[in-house]
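Working notes for the structure below.
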2 protein chains.
Amino acid sequence: MTAYVSPASPDPDLAEPRWLDADEQRAWRAWVYSAQLLTDRLDRELTHATGISHAYYEILVALSEEPERQMRMSELADRCLSSRSRLSHAVSRLEERGWVRRQVCPEDGRGQLAVLTDEGFAALEAAAPVHVESVRTHLFDQLTPEQVEAMRDFGETLLQHLDPSQVRGLD
Amino acid sequence: MTAYVSPASPDPDLAEPRWLDADEQRAWRAWVYSAQLLTDRLDRELTHATGISHAYYEILVALSEEPERQMRMSELADRCLSSRSRLSHAVSRLEERGWVRRQVCPEDGRGQLAVLTDEGFAALEAAAPVHVESVRTHLFDQLTPEQVEAMRDFGETLLQHLDPSQVRGLD
DNA sequence: GCGGAATAGTTGCGCCTTCAACTACGCTAC
DNA sequence: GTAGCGTAGTTGAAGGCGCAACTATTCCGC
């Protein structure tokens with residue numbers, strides 16, 4: 001830890017970069033690669049088997065978990081880690097499929113409610129088994145219980161830093 | 001483990017879905033959220049500070065690590081977890097910036113070599129400190145050494161399943 | 001060598017996402 | 001009540017990416 005000490009500057013622009021050592025590099029790359037491969041694989045399998053991308057699937061799931069199967073657009077965007085713009089476009093596409101419908105919010109005339117239709121719920125019910133099987137195959141079946149626990153710990157630690165408000169949504 | 005046993009069918013389409021229990025659900029969500037938030041954050045910080053997206057950055061890094069700073073298009077695509085099409089598009093953009101140049105491969109007339117230019121290398125050198133600082137701030141600074149080790153273990157396990165050929169590239 | 005299959009890479013189209021500009025409504029102060 | 005500001009959500013243009021179709025070259029059997 002004393003091999004190289006850069007001046008303790010408060011401004012990262014001026015300080016010597018805190019480069020990764022070989023072990024950190026390896027850990028970092030293992031994470032980047034595995035995370036991208038896993039998300040790509042799950043998205044592709046879901047899309048090809050059901051015609052629903054993971055992004056759209058997440059929207060349907062979020063709505064289905066609400067008591068009335070409806071949500072304010074902004075809440076839905078936050079829940080799905082989506083920008084408002086992105087969600088707006090996505091809901092338009094889902095409306096075209098007849099899976100979601102927009103409705104003005106009674107309490108706030110500016111707001112919109114996204115409502116999951118019965119057709120949307122049926123589409124979700126059809127897609128869910130496909131998705132859970134992918135997640136089992138490519139994630140849980142590959143891991144020991146200890147690794148699953150480590151994954152949870154790791155994920156929650158990061159989540160606490162990156163977006164503490166989402167930690168509450170884990171149940 | 002005996003509470004619910006579905007018939008052991010070889011065909012996932014016919015078997016009862018292997019739903020996630022509450023703990024698995026929680027671990028899964030923590031991972032999905034944290035992975036997406038982290039990749040989004042890193043990509044955004046890099047893009048805003050340097051004008052280079054993480055996808056483009058990866059291409060420059062891969063080329064810079066080669067002895068001659070050049071690579072066959074297909075090798076580069078594999079290394080960057082990119083489709084050939086995607087890489088071809090990306091290299092065209094990087095060529096427009098003067099950071100990469102295409103060159104026919106002497107050994108194989110079908111092949112192309114992507115070559116990192118001096119300008120491209122300079123752009124990478126300017127961007128690297130920004131990126132490493134983001135990775136430190138949002139990842140390593142948040143984790144204990146044990147969590148880093150668990151992250152590596154987890155990543156390598158998944159990588160071994162999803163794309164064993166990439167395991168060798170970790171160094 | 002030559003015909004057919006396989007491989008390397010590119011291209012155009014369409015969908016998705018981002019960004020900035022925009023509309024519409026609500027809230028507060030005066 | 002109305003001016004001004006903040007919030008909710010939408011829109012259109014521009015760029016990234018996947019897919020399928022395409023060209024060009026090499027490989028292989030004969």
Side-chain angles (χ1 to χ4, degrees), chain A residues 36-37 39-60 63 70-97 99-115, chain B residues 36-37 39-60 63 70-97 99-115:
Chain A
Q36 189 174 339
L37 283 168
T39 52
D40 287 358
R41 186 82 145 246
L42 295 177
D43 188 30
R44 192 132 32 89
E45 288 185 0
L46 185 60
T47 304
H48 282 199
T50 69
I52 308 175
S53 69
H54 192 254
Y56 286 11
Y57 181 83
E58 279 287 300
I59 295 173
L60 301 181
L63 290 174
Q70 55 180 248
M71 250 177 137
R72 285 290 293 271
M73 290 295 282
S74 348
E75 286 178 55
L76 186 53
D78 290 346
R79 166 71 172 71
C80 298
L81 306 183
S82 174
S83 70
R84 277 126 205 258
S85 163
R86 179 184 174 191
L87 181 69
S88 189
H89 286 298
V91 166
S92 299
R93 299 299 153 273
L94 291 173
E95 256 187 320
E96 289 166 9
R97 296 194 193 186
W99 292 350
V100 171
R101 140 175 83 70
R102 268 184 247 248
Q103 199 176 296
V104 287
C105 178
E107 286 97 36
D108 188 336
R110 296 168 300 181
Q112 292 274 111
L113 288 167
V115 187
Chain B
Q36 190 172 340
L37 283 168
T39 53
D40 287 358
R41 187 84 145 244
L42 295 177
D43 188 31
R44 188 182 312 256
E45 289 185 0
L46 186 61
T47 303
H48 282 200
T50 71
I52 308 175
S53 70
H54 193 254
Y56 286 12
Y57 181 83
E58 280 287 302
I59 294 173
L60 301 181
L63 289 174
Q70 54 181 245
M71 251 176 135
R72 286 290 294 271
M73 291 294 283
S74 348
E75 286 178 54
L76 186 53
D78 291 346
R79 165 72 172 69
C80 297
L81 306 183
S82 173
S83 70
R84 278 126 204 259
S85 162
R86 179 184 172 188
L87 181 69
S88 190
H89 286 297
V91 166
S92 297
R93 301 299 152 272
L94 291 173
E95 257 186 319
E96 289 166 9
R97 297 194 192 186
W99 292 351
V100 170
R101 154 171 74 69
R102 269 185 246 246
Q103 199 177 294
V104 287
C105 177
E107 287 98 37
D108 188 336
R110 296 167 299 182
Q112 292 275 110
L113 287 167
V115 187

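Chain A is the first sequence line, chain B the second, and so forth, proteins listed ahead of strands; every chain is numbered from 1. From a predicted model like this one, the values you see are computed outputs, not experimental measurements.
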Q. Between B/Arg72 and B/Cys105, does a side-chain contact (heavy atoms from CB on, under 4.5 Å) hold up when you go through it step by step?
A. CA-CA 8 Å; B/Arg72 286 290 294 271; B/Cys105 177; 3.5 Å; yes

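- Formation of a donor-acceptor pair under 3.5 Å by the B/Thr50 side chain with backbone atoms of B/Thr47 is not found in this model.
- Judged purely by atom type and a 3.5 angstrom limit, B/Ser88 has no side-chain atom pairing as donor or acceptor with the backbone of B/Arg84.
- For B/Ser82, the side chain to side chain contact (heavy atoms under 4.5 Å, CB included) partners two or more places apart in sequence, or in a different chain, are B/Cys80, B/Arg86, B/Leu87.
- Atom P of nucleotide C/dA24 and atom CE of A/Met73 are separated by 17 Å, given to the nearest angstrom.
- The distance between atom CG of B/Leu81 and atom P of D/dC17, rounded to the nearest whole Å, is 13 Å.
- Rounded to an integer number of Å, the gap from A/Asp40 CG to D/dC19 P is 10 Å.
- Between A/Asp43 atom CG and D/dG18 atom P there is a gap of 10 Å when expressed in whole angstrom units.
- Put simply, A/His48 has no side-chain N or O that comes within less than 4.0 Å of OP1 or OP2 on D/dG18.
- Between the CD atom of A/Glu107 and the P atom of D/dA8 there is a distance of 14 Å, rounded to whole Å.
- For the pair B/Arg102 CZ and C/dT11 P, the computed distance is 7 Å after rounding to whole Å.
- B/Glu95 contributes a side-chain N or O that, together with a main-chain N or O of B/Arg102, makes up a donor-acceptor pair within less than 3.5 Å.
- Among the atoms of the strands shown, only primed sugar atoms or phosphate atoms (P, OP1, OP2) are found under 4.0 Å from some heavy atom of A/Ser83.
- OP1 or OP2 of C/dC16 has not a single side-chain nitrogen or oxygen of A/His54 nearer than 4.0 Å.
- The separation between B/Leu76 atom CG and C/dT10 atom C1' is 15 Å, rounded to whole Å.
- Of the residues near DNA chain D, A/Gly111 and A/Arg86, the one whose nearest nucleotide (by heavy atom distance) lies more toward the 5' end is A/Gly111.
- Here the straight-line distance linking atom CH2 of B/Trp99 with atom CG of B/Leu94 works out to 7.5 Å at 0.5 Å rounding.
- With rounding to whole Å, B/Arg72 atom CZ is found 14 Å from C/dT10 atom C1'.
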(Q) side-chain contact (heavy atoms from CB on, under 4.5 Å), that's the test. Do A/Val100 and A/Leu63 meet it? Break it down for me. (A) CA-CA 9 Å; A/Val100 171; A/Leu63 290 174; 3.9 Å; yes

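- Residues from residues 87-95 of chain B that place a heavy atom under 4.0 Å from any atom of DNA chain C, listed by number: B/Ser88, B/His89.
- Atom OG of residue A/Ser53 and atom CD of residue A/Glu58 lie 10.0 Å apart, to the nearest 0.5 angstrom.
- In this structure, A/Thr39 OG1 and A/Arg41 CZ are separated by 11.5 Å, a value rounded to the nearest 0.5 Å.
- Side chain of B/Gln103 to backbone of B/Val115: no donor-acceptor contact under 3.5 angstrom is found.
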Which pairs, protein N/O on one side and nucleotides 20-25 of chain D N/O on the other, fall under 3.5 Å?
none

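- In the set D/dC19, C/dT10, D/dC17, the nucleotide with an atom closest to the side chain of A/Arg44 is D/dC19.
- Nearest-nucleotide mapping onto DNA chain C: of B/Gln112 and A/Ser82, the residue sitting toward the 5' end is B/Gln112.
- Distances shorter than 4.0 Å separate none of the side-chain N or O atoms of A/Arg84 from OP1 or OP2 on D/dT7.
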